[in-house]
Undergrad: 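So that we are looking at the same thing, I have put the structure below in structure tokens.
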Amino acid sequence: SNYLDPKSPTWGNALQSALKSGYSQEYSENIMALMPDWLSENIGKTKRVIKAEKNLDDALDGKLDDPERSRVIIEKPFGTDLQSANYLQSVVAGYLREKQVYRIDHYLGKDTVNNILATRFSNILLEPLWNRNFIEEIQIFATETIGCEGRAQYYDTAGAVRDMLQNHMLQVLALIAMEPPCRNDAKEIRREKVKVLAATRLGDNVVLGQYDGYKSEEGVKPDSQTPTFVAGELYVDNWRWKGVPFYFMTGKKMPVGCVEVVIKFKAPPQQLFEGHECNDRIVMRLQPDPHLDMRIDIKSPGLNDMGEPALL
């Protein structure tokens, strides 16, 4: 694994050296830490460095164009809006074959996120309840106690919406709301996710905020309006989820750091036991301390008709 800094004046030489050594091995990995604004420039720059160096081009012997030996992984964000994403895609397509390109969201590499699919589709117990008839609301939280931690130069161009909501949290929403795929493979899972996201819209209630001291972070503009907190509601306008709010909240410098999904069920049509409001729910804690809790109501001990919550 080689770490390459495109801002370094010796970047071209370092890239040549890394590629020469890498392609003499069975497998190599060259990591370039790029600000999103530099991505389109450096995709072309990388290939031009290789083509300009005859010995290197000969040594690679076409492997740069071989999707089995040469791949490019692009992390989020992929552009800042639809127009910039389309432009970036045109640049990528000009230098690389589509089979070589992997646009990834590292959140999907978390075992706890992948476990959402197993929880939903490996247990027949949940499927009959997983719809608007039984679920009152769904909450998706992703909060952090830390600030920018040295990432302010990037974060000030993205904020909470682009850094968390439009990628990580929408991926979690898609896994929660999607229909069962016909097979457990990337293509079919993606197909079902796209259907969910096509039906998803933003609700009327959205709150943006910025933590105290953010403008003092190194790399942040003094007049920055970048939000470090966002909360609101989303709706999935399809047969399964019509009318069910998906509440979301994410932010930095929050009192508690936690990533979890809460599935809150509707109350029974008649309350036979007294004592508290019906609060049946499933809690999927993704981090820290990953776990899954099912909360239901039971009768409290003693000669009474009082109900109390219990965790399964």
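Along the sequence shown, the residues carry numbers beginning at 1. Values in this document were obtained by computation on a predicted structure and should not be read as measured data.
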Undergrad: Strictly by modelled atom types, are Y211 and E217 linked by a side-chain donor-acceptor pair under 3.5 Å?
TA: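 On atom types as modelled, these side chains qualify, holding a pair under 3.5 Å.
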
Undergrad: Is the count of non-hydrogen atoms from other residues, nucleotides or ligands lying under 6.0 Å from D111 atom CG greater than 12?
TA: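 For D111, atom CG is not crowded (no more than 12 foreign heavy atoms under 6.0 Å).
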
Undergrad: Quick one: closest heavy-atom pair of P128 and I124, and the distance?
TA: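 So the minimum-distance heavy-atom pair works out to CD-O, 3.1 Å.
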
Undergrad: Check N133 against N131 and note the closest heavy-atom contact, atom names and distance.
TA: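 Heavy-atom minimum between the residues: N-OD1, 2.9 Å.
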
Undergrad: Please say whether more than 12 non-hydrogen atoms of neighbouring residues, nucleotides or ligands are located less than 6.0 Å from CG in N184.
TA: no

Undergrad: Kindly compute the distance separating CG (L175) from CG (L170), expressed to the nearest 0.5 Å.
TA: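 Answer for the CG-CG pair, L175 versus L170, is 11.0 Å.
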
Undergrad: Using a strict threshold of under 4.0 Å (side-chain N to carboxylate O), is an ion pair present between E188 and R183?
TA: yes

Undergrad: Pick from V196, L234, I135: which one makes a side chain to side chain contact (heavy atoms under 4.5 Å, CB included) with W241?
TA: I135

Undergrad: Would a hydrophobic clustering, with Ile, Leu, Val, Met, Phe, Trp and Tyr connected at side-chain separations under 4.5 Å, put V101 with V194?
TA: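 Looking at the clustering, V194 is in a separate group from V101.
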
Undergrad: So which heavy atom on P288 is nearest to which on G257, and how close?
TA: CD-O, 3.5 Å

Undergrad: Output the distance between atom NZ (K215) and atom NZ (K221), rounded to the nearest 0.5 Å.
TA: 12.5 Å

Undergrad: Quick one: closest heavy-atom pair of T112 and L286, and the distance?
TA: OG1-O, 3.2 Å

Undergrad: Please tell me if the side chains of Q210 and P227 come closer than 4.5 Å, counting only heavy atoms from C-beta onward.
TA: no

Undergrad: Do E260 and V283 touch side chain to side chain, with heavy atoms closer than 4.5 Å?
TA: yes

Undergrad: CG of D223: more than 12 outside heavy atoms within 6.0 angstrom?
TA: yes

Undergrad: Is the backbone N or O of I176 less than 3.5 Å from a side-chain atom of R120, with the two atoms forming a donor-acceptor pair by type?
TA: yes

Undergrad: Establish, from distance only, whether the side-chain atoms of S84 and D81 form a donor-acceptor pair under 3.5 Å.
TA: yes

Undergrad: Spell out, as yes or no, whether a donor-acceptor pair under 3.5 Å connects the side chain of T250 to the backbone of A142.
TA: yes

Undergrad: Atom CD1 of I263 and atom CD1 of I282: how far apart are they, to the nearest 0.5 Å?
TA: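 Interatomic distance, I263 CD1 to I282 CD1, rounded to 0.5 Å: 6.5 Å.
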
Undergrad: Could you check if a side-chain atom of F248 sits within less than 4.5 angstrom of a side-chain atom of V230, using non-hydrogen atoms only?
TA: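 F248 vs V230: side chains touch.
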
Undergrad: How many angstroms lie between atom CZ of R151 and atom OH of Y154, to the nearest 0.5 angstrom?
TA: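 Those atoms lie 6.0 Å apart.
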
Undergrad: Give, for atom CZ of R132 and atom NZ of K242, the distance between the pair rounded to the nearest 0.5 Å.
TA: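 It is 10.0 Å, given to the nearest 0.5 Å.
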
Undergrad: Compare all side-chain heavy atoms of M254 with those of T145 and state whether any distance is below 4.5 angstrom.
TA: no

Undergrad: Run the side chain to side chain contact (heavy atoms under 4.5 Å, CB included) test on L202 and Y235 for me, step by step, so that the C-alpha distance in whole Å, both residues' side-chain angles and the decisive distance to 0.1 Å come before the verdict.
TA: CA-CA 6 Å; L202 187 63; Y235 291 90; over 6 Å; no

Undergrad: Looking at D105 and Q171, would you say the former's side chain and the latter's main chain have a donor-acceptor pair under 3.5 Å?
TA: no

Undergrad: Can you get from M249 to M169 by hopping between Ile, Leu, Val, Met, Phe, Trp and Tyr side chains that sit under 4.5 Å apart?
TA: no

Undergrad: Group every Ile, Leu, Val, Met, Phe, Trp and Tyr by side-chain heavy-atom contacts under 4.5 Å, then state whether F121 and L108 land in the same group.
TA: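 F121 clusters together with L108.
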
Undergrad: Which residue is it: L173, I138, L197, V244? I am looking for the one with a side chain to side chain contact (heavy atoms under 4.5 Å, CB included) to V236.
TA: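 One option only clears the test, and that one is L173.
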
Undergrad: State whether a side-chain donor-acceptor pair under 3.5 Å links R281 with Q139.
TA: no

Undergrad: Could you point out which residue of K193, R190, R191 forms a side chain to side chain contact (heavy atoms under 4.5 Å, CB included) with M178?
TA: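 Only match with M178 under side chain to side chain contact (heavy atoms under 4.5 Å, CB included): K193.
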
Undergrad: Are V92 and Y87 co-members of a hydrophobic cluster defined by side-chain heavy atoms under 4.5 Å apart?
TA: yes

Undergrad: Take atom CG in D212; do more than 12 heavy atoms of anything else shown fall under 6.0 Å from it?
TA: no

Undergrad: Are there over 12 heavy-atom neighbours, none belonging to E98, within less than 6.0 Å of that residue's CD?
TA: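 It does: E98 CD has more than 12 such atoms within range.
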
Undergrad: Report yes or no: do W130 and V262 belong to one cluster of Ile/Leu/Val/Met/Phe/Trp/Tyr joined by side chain heavy-atom distances under 4.5 Å?
TA: no

Undergrad: Can a salt bridge be assigned to the pair K195 and E179 using a cut-off of 4.0 Å between side-chain N and carboxylate O?
TA: no

Undergrad: Run I146 and E149 through side chain to side chain contact (heavy atoms under 4.5 Å, CB included) and show every step you take.
TA: CA-CA 7 Å; I146 61 173; E149 304 295 308; 3.7 Å; yes

Undergrad: Carefully, step by step, assess Y214 and K253 under the rule side chain to side chain contact (heavy atoms under 4.5 Å, CB included).
TA: CA-CA 10 Å; Y214 173 72; K253 285 289 183 79; over 6 Å; no

Undergrad: Provide the closest heavy-atom pair for C148 versus K252 in the form atom of the first, atom of the second, distance.
TA: N-CD, 4.3 Å

Undergrad: Counting N and O atoms only, with roles assigned by atom type, does the side chain of D185 sit under 3.5 Å from a partner on the main chain of K187, one being a donor and the other an acceptor?
TA: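 Yes, D185 side chain to K187 backbone: donor-acceptor pair under 3.5 Å.
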
Undergrad: How many angstroms lie between CZ in R295 and NZ in K264, if you round to the nearest 0.5 Å?
TA: 9.5 Å

Undergrad: Could you tell me whether a side-chain N or O of N123 sits under 3.5 Å from a main-chain N or O of T119, the two making a donor and an acceptor?
TA: yes

Undergrad: Are H291 and D293 linked by a side-chain donor-acceptor pair shorter than 3.5 Å?
TA: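 Per modelled atom types, H291 and D293 side chains form a pair under 3.5 Å.
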
Undergrad: To check you understand the geometry: which heavy-atom pair defines the closest contact between T228 and Y155, and what is its length?
TA: CA-OH, 3.5 Å

Undergrad: Please step through side chain to side chain contact (heavy atoms under 4.5 Å, CB included) for the pair Y247 and I140, ending with a clear verdict.
TA: CA-CA 6 Å; Y247 295 115; I140 304 174; over 6 Å; no

Undergrad: Donor-acceptor pair, D156 side chain versus S224 backbone, under 3.5 Å?
TA: no

